[in-house]
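Atoms considered below: every heavy atom in the structure, side chains included; atoms not considered: hydrogens, waters and symmetry mates. Sequence positions, counted from 1, serve as the residue numbers for this chain.
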Amino acid sequence: MSGRIVIAGASLGGLRAAEQLRAAGWAGMITVVGDEPHMPYNRPPLSKEALAGKAGFDSLAFTPKAGVADVEWRLGTAVTATRLEEGVVVLDTGAELTFDGLVIATGMRPRRLACPGPRDGRHTVRTLDDAQALRAELMRAGARLVVIGGGFIGCEVAATAVGLGAAEVTVVDPLPLPMAGPLGELLGDALLRRHTDRGVRFLLGRGVDGFQGDARAEAVVLDDGTVLAADVIVEAVGSVANTEWLDGNGLDLTDGVLTDDRLRVGGLPHVVAVGDVARHPNARYDAVARRVEHWSMPTETAKHAAKALVAQLAGAVPLPGPFAPLPTFWSDQHDFRLQSFGLPVLGRDDVRVLEGTPDGDFVAGYHRDGGLVGVVALGGAPAAVAASRYRAQLLGQPVLASHGAPR
């Protein structure tokens, strides 16, 4: 097979896509385009080990497999547009690349608050440069930190800041409990107690109206009029899919890029999407297309998408079998870990303690229609080991033999 496959996005999803394309038999040219100057690196440690100064780029960088030694990397360059039917991507340099196949792996960027006040001094954590800049400010003696957002990134940053010796750490969130959105009340309440016991203050059920300061933000104004003085401010209010460069091609970009059950985009057999940006069905659960921002998904989606794309370009029928991964994530905070298997968000209305007690280490099961759809362990190593036993149970559940079009 000859020709070129362009991979738009040079993070984990882009790297895994290149590796899986070679593994699937693609011998043609592969060009990976990414807007960061760095080779692909591990992002989850950015809000933990990297922010704490325990991990530099050398320890975060992935080691590409030998099969992708001949891949062309165009780093520090963004894809700004594409004409899918013509097989062309446009770069921010004005150059155009033609392709026979395209992998969309442009991922996410941090959502920013549209509030009045200075923008300077308000940090996000998505890139290595973000983590380094935030660490420099947190290392100042007596730093007062306000984190806006009580999700995974917000709670991890708060925990790391406590460990670095920040004088005050306050988390603001409109929900009544941290991580209540993805994990529900039981886990949210347990996390709140653990963070509070370790010195983090939470102002929950509160929104942000704006920021105060001259050249940079030095205070956060809440929706009840409370003013929180801050030396450091972090916005951890979710993410936005990087899909603007795909505009004008008739795609469903409502929330990421809609794909079919083989990760193909817009009915085009030569275009696939992988990683956080892909909104796809998972036959392990149902036919609903969802984006899943779990660490395991770039690898899982890349493996499936590469097989489908190479088969199409070779003129063969795509490999049978629905896409049915078991999503996995973990989150280290203070001296405890969250370990998850499955999709807990689907079972937030029926959460049961499977082992242990919420006052200590425990494992919670998330159920939908009586069936187990996710497991979350909270605590130390024994809880994680217990959760792994339920992972086998989740993997053993039947996968839908067939399902309708994603919706």
For [X] and [Y], take the angle between the two ring planes, folded into 0 to 90°, and tell me which bin it lands in: parallel under 30, tilted 30 to 60, perpendicular over 60.
X      : Y      : value
Phe323 : His280 : perpendicular
Phe152 : Phe329 : perpendicular
Phe336 : His334 : tilted

Qualifying residue for side chain to side chain contact (heavy atoms under 4.5 Å, CB included) with Pro110, from His123, Arg126, Glu235: Arg126

From Thr254, Val292, Thr259, Thr243, residue fulfilling side chain to side chain contact (heavy atoms under 4.5 Å, CB included) relative to Arg279: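 That would be Thr254.
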
Distance (rounded to the nearest 0.5 Å) between Phe362 CZ and Leu186 CG: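 If we round to the nearest 0.5 Å, Phe362:CZ and Leu186:CG are 4.5 Å apart.
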
Pair Glu85 + Arg83, salt bridge at N-O below 4.0 Å: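 Salt bridge flag = no for Arg83 with Glu85.
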
Basic-acidic side-chain contact under 4.0 Å: Glu19, Lys303: no

Steps toward salt bridge (charged side-chain N to carboxylate O under 4.0 Å, His left out) verdict (Arg144, Glu218): CA-CA 10 Å; Arg144 298 165 298 175; Glu218 298 175 344; over 6 Å; no

Tyr366 and Arg368 side chains, donor-acceptor separation under 3.5 Å: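 No.
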
Gln333 and His195: side chain donor to acceptor below 3.5 Å: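 His195 and Gln333 do have a side-chain donor-acceptor pair below 3.5 Å.
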
Sub-4.5 Å side-chain heavy-atom contact between Ile104 and Trp245: yes

